[in-house]
Amino acid sequence: MKKRRDEIHHFLNKLNQREISLGFDGFTISTNTHLDEMQLGYSMDSDGRSLVGTNHGEWKENWFVIGYHDESGDPIFIDINKKSFSVYTAEHGIGEWNPKAISSSFIGFIKISNYLAELSKRTEDTLTNRNSQLSIVDKIILLIKILYYTKRINIPFWFGYFLK
């Protein structure tokens with residue numbers, strides 16, 4: 001796990017911004033120093049007891065939380081057994097975990113997040129001058145990046161957050 005954790009730290013260091021949002025929706029990705037805290041309530045409880053299981057709908061040992069959706073609080077996590085650290089999300093509070101892939105690789109997720117942070121900064125800078133919505137060109141470029149970096153996984157996740 002030490003080697004995998006070092007890889008996770010390496011990828012997280014490539015993230016330009018921790019809070020990613022356009023408009024009212026977004027997500028937050030943890031810093032390296034808070035990764036252990038992010039596991040509370042998922043792989044372990046506040047007393048350090050394991051919450052993982054092998055049955056359908058239980059949290060899996062190979063899932064590692066890296067962030068959360070700002071509005072819903074749903075976790076964003078990676079599968080540490082996958083070489084590319086596939087990225088997932090799952091709705092919490094429904095009694096079971098049903099993961100949905102949002103990127104085929106952690107590095108693809110980071111690249112999209114960095115581009116979204118750049119777009120967010122640009123729209124904030126123009127807020128006082130004109131409408132802060134994304135231009136059609138920005139949306140097309142974003143869609144191309146999402147298709148390329150996620151390998152076309154769960155496009156509705158990205159549409160729902162950023163292409164309104």
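Please read all numbers here as calculations on a predicted model, not as lab measurements. Any value given below was found using the heavy atoms of this structure, including those in side chains, with hydrogens, waters and symmetry copies removed.
Relative ring orientation between W59 and Y42 is described as tilted, the plane-to-plane angle lying within the 30° to 60° band. Below 30°, between 30° and 60°, or above 60°: for F27 and F109 the angle between ring planes is between 30° and 60°, a tilted geometry.
Summarising the geometry of H92 relative to P75, their closest heavy-atom pair is CB-CD, 4.4 Å, with the distance given to 0.1 Å. Closest of all the heavy-atom pairs between Q17 and A117 is OE1-CB, 3.6 Å.
Judged purely by atom type and a 3.5 angstrom limit, N114 uses its side chain to pair as donor or acceptor with the backbone of N16. Judged purely by atom type and a 3.5 angstrom limit, R18 uses its side chain to pair as donor or acceptor with the backbone of S30. Looking at K151, its side chain never comes within 3.5 Å of a backbone N or O of Y149 through a donor-acceptor pair. With hydrogens and angles ignored, the 3.5 Å screen pairs no side-chain donor or acceptor of S120 with any backbone N or O of L116.
Close placement of the F106 and F11 rings is indicated, their centers lying within 6.0 Å of each other.
E7 is linked by a salt bridge (Lys or Arg N to Asp or Glu O under 4.0 Å) to R4, counting only residues two or more places apart in sequence or in another chain.
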From CA spacing to verdict: ring-ring contact (aromatic ring centres under 6.0 Å, His included), F77, Y88: CA-CA 5 Å; F77 55 97; Y88 300 85; 5.8 Å; yes
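Other residues, nucleotides and ligands place no more than 12 heavy atoms under 6.0 Å from the CD atom of E19.
For the atom pair OG1 (T89) and CD1 (I76), the distance works out to 5.5 Å, reported to the nearest 0.5 Å. Expressed to the nearest 0.5 Å, how far CG of L12 lies from CD1 of I78 amounts to 7.5 Å. How far CD of E91 is from CG of D74: 6.0 Å, rounded to the nearest 0.5 Å. Here the OH-CG distance, from Y148 to L143, works out to 15.0 Å after rounding to the nearest 0.5 Å.
In the hydrophobic cluster analysis, where Ile, Leu, Val, Met, Phe, Trp and Tyr join through side-chain heavy atoms closer than 4.5 angstrom, I107 is grouped together with I20. A continuous path of Ile, Leu, Val, Met, Phe, Trp and Tyr side chains, each step under 4.5 Å between heavy atoms, connects I110 with I102, placing both in one hydrophobic cluster. Cluster membership for I112 and I140, using ILVMFWY side-chain heavy atoms within less than 4.5 angstrom, is shared. Residue I29 is not grouped with residue W63 when hydrophobic side chains (ILVMFWY) are merged at heavy-atom distances under 4.5 angstrom, including chains of intermediate members.
Looking only at atom types and distance, the side chain of D70 has a donor-acceptor partner in the side chain of T28 under 3.5 Å away.
Each side chain to side chain donor-acceptor pair (under 3.5 Å) pair with one or both residues in residues 94-111, not counting sequence neighbours, appears once here: E96-N98. Pairs passing the salt bridge (charged side-chain N to carboxylate O under 4.0 Å, His left out) check and including a residue from residues 31-53, sequence neighbours excluded, read R5-D36, D45-R49, D47-R49.
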